[in-house]
Amino acid sequence: MADPHGRPVVVWRSALLPGSETFVRNHGAYLTRWAPAYLGATRITSALSLPSDVIAFPDGKGFLRLRLTGSSPRLTAALRTLNPAVVHAHFGGDGWLVARAAATVGAPLVLTVHGHDVTRQPGSPGPLGVRYRRNLRDVFRRARVVLAVSQRIRDRALELGADPAKVRVHHTGIPLPRFVSADPRWDVAFVGRLVEKKGVADLLSALRRVPARAVVIGDGPLLDDLRARASGLDVTFTGSLPPDQIAAHLAASRMLAAPSRTAADGDEEGLPTTILEGAAYGLPVVATRHSGIPEAVLDGETGLLGDEGDVPALAANIERLLADDSLRAKLGAAGQAHVIENFDLVKQSAKLEDLYDSLVRVRV
């Protein structure tokens, strides 16, 4: 875990911290040579918000100036107090907010782009979209390194003006769980925020073709609509759950479904961490060829893939796995090995530290 006496890295997320963004907190928690400090503009009340987080605008005053100009003496002062050797910002828009302050205090900026920040937001209409695209090009120029969570997200960053020499794929790792076996309670499990790009409506349509007992874990604006769509199906909606309860449901499931699709507004996934978590528990994954998913789910090797929105293919893949215990076991074991090799948070955090080290050496 992070060395409190290591080199200081400031992890910046303007809204600190939504409960769905465990990857931001995990990113710092698994550093061993660097000491993370979390800096935000405003505090979000969630299980991931900690008293130790530093909030630059606790009363909200001055935040508007930062959003309009990308500059704030208050943010610069907060950053200077933390004295970072590196600043690591998550999401493109947030990176722009902190880029000038990082330059002022002399800290190289690492930016991670995740998904909607380079898919949906740049497509915003009118002056809002023009401004966002301009700011994105600016932060791409200012950042020393741009990390993309999948190859698809890297491609989008390049399309939007990022320098290919700066942009590299860095998969977001997950903590590897201790596997706890349980008697299967669910045929199909879904974990995620209930928004259009997650494809839960497609999953419910598939379950009308293949009778199965399913659990949908998560909350979001589509919850009521999805409950209505699930009428007559054997589907349980749990709402949001803490990690230990999610783990218990995964351990008691036969497979994980991740039928992601591009939303009508252009929003895409980066690479859903729930896929990695399910695979880490030895679950085969039924998913779509969407964004970075094929980097995590190898079709026919660790899971089964279909095209976005292809409900018959999704249903057929679910039915195939339910009917073949040996195939489920084979794909699940291969998926678990794939996650251990390529998405272990310990390994991915070590790669981050090597990157930070290289930036400090260049600086010196």
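Because only heavy atoms are used, hydrogens play no part in the values below, and waters and symmetry mates are left out as well, while side chains stay in. The structure displayed is predicted, hence computed values, not measured ones.
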**Study point:** Pair E295-H171, side-chain donor/acceptor within less than 3.5 Å
**Key:** yes
Practice item. Could you pull out the closest heavy-atom pair between G270 and I153, with the gap in Å? Key: CA-CG1, 3.7 Å
Exercise for review: For D244, enumerate each residue passing the side chain to side chain donor-acceptor pair (under 3.5 Å) test, keeping only those at least two apart in sequence or located in another chain.
Suggested key: none
Exercise for review: Indicate yes or no: does R141 engage D163 in a salt bridge with an N to O separation below 4.0 Å.
Suggested key: no
Practice item. For the residue pair F23 and H114, categorise the inter-ring angle as parallel (less than 30°), tilted (30 to 60°) or perpendicular (more than 60°). Key: tilted
Practice item. Report yes or no: do R193 and S20 form a side-chain donor-acceptor pair below 3.5 Å? Key: no
Check your understanding: Strictly by modelled atom types, are T112 and H170 linked by a side-chain donor-acceptor pair under 3.5 Å?
Key -> no
**Study point:** V188-L327 co-clustered via ILVMFWY side chain contacts under 4.5 Å
**Key:** yes
Exercise for review: Classify the side-chain pair Q348/D344 by whether it contains a donor and acceptor separated by less than 3.5 Å.
Suggested key: no
**Study point:** K198, R152, K197 screened by salt bridge (charged side-chain N to carboxylate O under 4.0 Å, His left out) with E268, the one that passes
**Key:** R152
Review point. Thinking salt bridges, do D325 and R254 make one under a 4.0 Å N-O criterion?
Key: no
Review point. Is the cationic atom of R65 (NZ for Lys, CZ for Arg) positioned less than 6.0 Å from the six-membered ring centroid of F63 and within 45 degrees of its normal?
Key: no
**Study point:** From CZ (R74) to CG (L79), nearest 0.5 Å
**Key:** 15.0 Å
Can you list, pair by pair, the side-chain donor-acceptor contacts under 3.5 Å of residues 200-209, counting residues two or more places apart and other chains?
from: D202; atom 1: OD1; to: R261; atom 2: NH1; distance (Å): 3.0
from: D202; atom 1: OD2; to: R261; atom 2: NH1; distance (Å): 2.8
from: S205; atom 1: OG; to: A201; atom 2: O; distance (Å): 3.2
from: R208; atom 1: NH1; to: S231; atom 2: O; distance (Å): 3.4
from: R208; atom 1: NH2; to: R229; atom 2: O; distance (Å): 2.7
from: R208; atom 1: NH2; to: S231; atom 2: O; distance (Å): 2.6

Check your understanding: Do T288 and E308 get their side chains close enough for a donor-acceptor pair, meaning under 3.5 Å?
Key -> no
Study note, to complete from the structure: Contacts of R25 meeting side chain to side chain donor-acceptor pair (under 3.5 Å) (sequence neighbours excluded), chain-then-number -> D53
Point to revise | D117 side chain vs G115 backbone, donor-acceptor pair below 3.5 Å | key: yes
**Study point:** Aromatic ring pairing H27/H88, orientation class (parallel under 30°, perpendicular over 60°, tilted between)
**Key:** tilted
Check your understanding: With no hydrogens and no angle check, do the side chains of D94 and H90 hold a donor and an acceptor under 3.5 Å apart?
Key -> no
Exercise for review: I would like to know whether R289 and D299 meet salt bridge (Lys or Arg N to Asp or Glu O under 4.0 Å); could you show each step before the answer?
Suggested key: CA-CA 9 Å; R289 299 181 184 92; D299 189 25; 3.4 Å; yes
Study note, to complete from the structure: Taking every heavy atom of V105 against every heavy atom of T76, the minimum-distance pair comes out as CG1-O, 4.1 Å
Practice item. Give a yes or no answer on whether the side chain of R120 reaches the backbone of A264 with a donor-acceptor pair at less than 3.5 Å. Key: no
